[in-house]
Amino acid sequence: MKDYLDHELRALLAETDGVPADFEPEFSTPAQPEHGDLATNAAMQLARHLRRAPRQIAADVVTALQARVDPKRIAAIEVAGPGFINFRFADTYLTDALATLLEAGDDYGRTNVGQGQTALVEYVSANPTGPLTVGHGRNAVLGDTFANLLEWTGYDVTREYYFNDAGRQMRVLGESVRARYLALVDPNLPTKHIGDDTPVEVPQPFPEDGYLGGYISDIAQALFDEHGEALADTDDIAPFKKAAQEAIFAEIEATMRRLGIEMDTYFNEHSLYESNKVWDVLEALRDKGYVYEADGATWFKTTAFGKEQDTVLVKSSGEPTYRLPDIAYHADKCERGYAQMVDIFGADHIATYPDVLKGVEVLGHDPSKIEVVIYQFVTLVRGGQQVKMSTRKATYETLDDLMDEVTPDVTRFFFLMRSPNTHLEFDLDLAKEASDKNPVYYLQYAHARVSSIMRKAEEVGFSFGEAPDLSLLVHESEAALIKELLHFPEILQKASEAKEPHRVANYLRDVAVAFSQFYRDCHIVGEARPLATARMNLAKAAQIVLRNGLTVLGISAPERM
RNA sequence: GCCCCCGUAGCUCAGUAGGAUAGAGCAACGGUUUCCUAAACCGUAGGUCGCAGGUUCGAAUCCUGCCGGGGGCACCA
């Protein structure tokens, strides 16, 4: 409808003197229902160009539009306030649109703005050094939902997990496992205490910055069960590293499965070394004049892009910092030809990604195709107290622990109900409250309620087999619900473009509210057959939107609660 | 010191890329079940949109400066 009016208004303005050629009318849905179903501020914006009062312009536009607009779609056009032009939809438009919605069913809401272009969403991307934390959870759920949104808006999406199993972290991980293993082999192995505030007793060979989580001991135990003492004689940490990586990755994948996440591709940073890509990229950057040597290290001239300091790409030890492989990785993504790439980072990466984008740009790729979403930190609150989290120390709450407490549906919803760039306060007490206070249940309950109504309606003899006469849906609550449902495709589009899934969550609440009002005012059982049939179909339409919306968010839509 | 995010009701947050009377959930108070799921619904109360300027027909929204909270500024990842 917006497109239709936009088209008509543009055609009209094109014939009007004084209207700039690049003028783009804006439409919005008024907050007050009495202001109509759609409004444009075009007359106010044109006032300056035309040197006339906004209301005068609006009056002329309304007269001209009334002559050319299809009365089956637009029932009324009027001037209001300081010069708004308000449009009121015709009932026939609403019923036609509702019929289209019902026909689309599970596909309602899908649009084709992406036109089948490829998109890559990279998310989670945690190195296999331990179980996923709550912080990873926000990343995972956001990334997965962006991927869903891109799919629903017509993109061909690849979900990718980037990881590094070769760095210092992994070495420390292997050493941590080895130390635990050696203690199993020799129970009398001397111990020591590490940690500042709350010292922990560990076996003597344990690295100072080792991983203290209980899962390390589990992995060591598994190795001991399988190999006995056979691994004790060698200093080689490779078998420990390998065992740890495999065990941890298996756990990470299991955690992601619980959240409904399945990756298409895993990209190992190591492959960038095997293919020599890292060094090729370094030389390419050098050729462009952005790389120099100093103090034994190799530097990236980031001051050329307005940064205060240059950045090290290769340490004097000859080992690259992570920034170089990051640039190589993103260059690789660009070369794979995706029309759009999305990265999801925690707030602690905020200072580093501009270097990567600049690097990619210097290499001749278009950095505007890469969209970086930065999400702020998650704070867990329990009993009004903040829960501390740290990966290395064993004090963190894992994502699995969280899902054990509050279910995967609630976990996903809480991560999605707020804008990514605000700090997220995750109130465990509220989330665990498996009842009235919890917003996710409100949506699921509305969905289950529709199912219940439809079961009941069929029990008393009404049927979806009959063609409904949707023009009978003239009650205020019916019209309001239909209008709300028709916003769905646009909501998905905007949420996808802006990478703001909370818009979908908020919208679904509005749908549930509109449905509740319809439920209150308009009964089905007990009504005459034609009206009951029409209302059944409207209820079904509401269910379609709720279910499709929840599907985009990755949350289940139960038939019964 | 520099960079990023945030500051809206008692609490947690929305506010549709500048629009009409700033909204929701929770908490508080009151009401609604012979009637399709009360995990629901209806109502009351609660605000100088951090502060001060500026831009214009019009600012919670854009610009500048302060104040406050969080995060980041390694030859760590």
For atom OH of Tyr290(A), decide whether the heavy atoms of other residues, nucleotides or ligands shown that lie under 6.0 angstrom number more than 12. no

Are there more than 12 heavy atoms of other residues, nucleotides or ligands under 6.0 Å from atom CD of Glu34(A)? yes

At under 4.0 Å between heavy atoms, what does [X] touch on the DNA or RNA strands: base, sugar-phosphate, or nothing?
X         : value
Ala347(A) : sugar-phosphate
Phe377(A) : sugar-phosphate
Ala80(A)  : base
Ala39(A)  : base
Gln444(A) : nothing

So, the side chain of [X] versus the backbone of [Y]: is there a donor-acceptor pair under 3.5 Å, distance only?
X         : Y         : value
Arg535(A) : His523(A) : yes
His349(A) : Phe345(A) : no
Asp343(A) : Val372(A) : no
Arg55(A)  : Phe84(A)  : no
Asn537(A) : Pro468(A) : no

Proximity to the side chain of [X] - top-ranked nucleotide from [options]:
X         : options                   : result
Glu34(A)  : rU21(B), rA77(B), rC42(B) : rU21(B)
Ala351(A) : rC75(B), rA39(B), rG72(B) : rG72(B)
Asn506(A) : rC76(B), rA20(B), rA14(B) : rA14(B)
Asp295(A) : rU16(B), rC75(B), rG19(B) : rC75(B)
Trp299(A) : rC13(B), rA20(B), rC75(B) : rC75(B)

Is [X] close enough to [N] that one of its side-chain N or O atoms is under 4.0 Å from OP1 or OP2 there?
X         : N       : answer
Tyr442(A) : rC41(B) : yes
Gln517(A) : rC42(B) : yes
His502(A) : rG15(B) : yes
Lys315(A) : rC76(B) : yes
Lys494(A) : rA17(B) : yes

A side-chain contact here means heavy atoms from C-beta on lying under 4.5 Å apart; do Ile252(A) and Tyr161(A) qualify? yes

Flag the pair Pro320(A) / Tyr273(A) as yes when at least one side-chain heavy-atom distance between them is below 4.5 Å, and no otherwise. yes

May I ask you to list the residues of residues 413-422 of chain A, by number, that have any heavy atom positioned under 4.0 Å from an atom of RNA chain B? Arg418(A), Ser419(A), Asn421(A), Thr422(A)

Do Arg449(A) and Tyr519(A) form a cation-pi contact, if we require the NZ or CZ to be under 6.0 Å from the six-membered ring centre and within 45 degrees of the ring's axis? yes

In this structure, how many angstroms lie between the [atom2] atom of [N] and the [atom1] atom of [X], rounded?
X         : N       : atom1 : atom2 : result
Arg509(A) : rA40(B) : CZ    : C1'   : 15 Å
Asp348(A) : rA74(B) : CG    : C1'   : 14 Å
Asn41(A)  : rA59(B) : CG    : C1'   : 14 Å
His349(A) : rC76(B) : NE2   : P     : 15 Å
Asn86(A)  : rG19(B) : CG    : C1'   : 11 Å

Say whether Asp355(A) and Thr302(A), considering side chains only, have a donor N or O and an acceptor N or O under 3.5 Å apart. no

Distance-minimising heavy-atom pair for Leu553(A) and Arg412(A): O-NE, 2.8 Å

Between Phe163(A) and Ala126(A), which heavy-atom pair has the shortest distance, and what is it? CB-O, 4.1 Å

Only Watson-Crick and G-U wobble pairs with both distances less than 3.5 Å should count. Give RNA chain B in dot-bracket notation, marking inter-strand partners with |. (((((((..((((.....[...)))).(((((.......))))).....(((((..]....))))))))))))....

Assign a letter to each nucleotide of nucleotides 31-37 of chain B from its 5' end: B, base within under 4.0 Å of a protein heavy atom; S, sugar-phosphate only; -, no contact. ----SBB

For rA74(B), is chi within 90° of 0 (syn) or not (anti)? anti

